[in-house]
Amino acid sequence: IYFSFRDNNYLLYISFILAYAMSQFTYNGLGYQYLWPSGNWCANFSYPFFMSIVFIPMTLFAKSFLQIKKYLPKVSFSISCLIGVYAFSALSEPLVGMKFASTLTTLCSLPTVSIIYFSAIYTFFKGLRSARFFLLGWTVFVIGLIILLLKMLGILPHNFITEYSMQIGSAVEGLLLSLALADRINILKKEKETAQITAIEETKKSESIKTQFLEKTEKLVEKRTQELTKAKNELENLARVDKLTSLYNRGVFDEVYRKEFSRAQRTGNDFSLLIIDVDFFKNFNDRYGHQKGDECLQAVSSCMQKNAQRITDTLARYGGEEFAVILTE
């Protein structure tokens, strides 16, 4: 099952079942009888050791299966601390003694069982479907534990059921947890099928949106291309015109001058070149300011434009207060 679904819950579940089986094996004397018949040290320490060990995969399984870290983050931290205590109890038993380790495990077992039981109830009511079998199995386990405690207190009589109530409860719990895992498989399977159906629908929807988008994009690109071509032409035109005077700039003048001079040499036709300088412009600019100076240059350029009527005439601002006019033929 683990290799099919890659879900660590299955490994934790098997570890819990094996650890609990070993604890019961040693509790009933079968470990001493069959595994270490001459190992008195193993016989003394095996049960407290396995009881400490059994709580580690059990709490890890509950934490993972019930998604406690997601639903109850503070409780998740408490469970991690308890796991650390059980690990310490199991490993330090030969050093601190069996009595101390057993007492420590026993003291921690009640809050552990309570926390897991509370977490199962909480996650069940929060809508975690797989918690229902877990909660049922844990309830049977707690009932078996209570029966055993009542027998030890002398409230219930000593018989087969009261003697082995915790083992019976644990066995039933193990079966119910198996059902919980099976239910989890069904949930995962349904979620996978639902996800596949949703993915297909989303793919179809995405293809439709993609087609509409491409159609709109094509029209938009065509429109934008026209706008960009127009803007490009305008920019090219602006790059050739002097901002202040609206005449051609020095670059256009140089280009037209070379072309017309070359043509005149080739054809033998004449052309005229006028270089116009505004006299005393610096004095005017210094006296009245740059704004009035700009207005002066604009007035001069306007006068030139009115008097240059031919379409073949080229008017340009040569530089500063200098202007040039190329008159072909």
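Numbers here are sequence positions counted from 1.
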A.B. asks: Got more than 12 heavy atoms from elsewhere within 6.0 Å of CZ, F271?
C.D. replies: yes
A.B. asks: Please confirm whether R317 makes a cation-pi placement over Y248, using NZ or CZ under 6.0 Å from the six-membered ring centre and within 45° of the ring normal.
C.D. replies: no
A.B. asks: From T59 OG1 over to I83 CD1, what is the distance, rounded to the nearest 0.5 angstrom?
C.D. replies: 3.5 Å
A.B. asks: Indicate yes or no: does E201 engage K204 in a salt bridge with an N to O separation below 4.0 Å.
C.D. replies: no
A.B. asks: Atom CD of residue position E218 - does it have more than 12 heavy atoms of other residues, nucleotides or ligands inside 6.0 Å?
C.D. replies: no
A.B. asks: Does the distance from a Lys or Arg side-chain N to an Asp or Glu carboxylate O, for D254 and R258, drop under 4.0 Å?
C.D. replies: no
A.B. asks: Quick check for you: to the nearest 0.5 Å, what is the distance between S64 atom OG and I79 atom CD1?
C.D. replies: 11.0 Å
A.B. asks: Check whether V300 and L244 end up in the same hydrophobic cluster, where Ile, Leu, Val, Met, Phe, Trp and Tyr are linked by side-chain heavy atoms less than 4.5 Å apart.
C.D. replies: yes
A.B. asks: Rounded to the nearest 0.5 Å, what separates atom NZ in K219 from atom OG1 in T217?
C.D. replies: 11.0 Å
A.B. asks: Near R310 CZ, under 6.0 Å, is it more than 12 heavy atoms from other residues, nucleotides or ligands?
C.D. replies: yes
A.B. asks: Is there a side-chain contact between E295 and K292, using heavy atoms and a 4.5 Å cut-off?
C.D. replies: yes
A.B. asks: Working to the nearest 0.5 angstrom, can you tell me the gap between F253 CZ and I275 CD1?
C.D. replies: 5.0 Å
A.B. asks: Decide, yes or no, whether a salt bridge links R224 with E227 under the criterion of side-chain N to carboxylate O below 4.0 Å.
C.D. replies: yes
A.B. asks: Taking atom CD of E222 as the centre, report whether more than 12 heavy atoms of other residues, nucleotides or ligands fall under 6.0 Å from it.
C.D. replies: no
A.B. asks: Give the C-alpha distance, both sets of side-chain angles, the deciding distance and a yes or no for side chain to side chain donor-acceptor pair (under 3.5 Å) between Y117 and T139.
C.D. replies: CA-CA 8 Å; Y117 196 66; T139 301; 3.0 Å; yes
A.B. asks: Are any of the side-chain nitrogens in K205 or E202 under 4.0 Å away from the carboxylate oxygens of its partner?
C.D. replies: no
A.B. asks: When rounded to the nearest 0.5 angstrom, what is the spacing between CG in L128 and NZ in K70?
C.D. replies: 8.0 Å
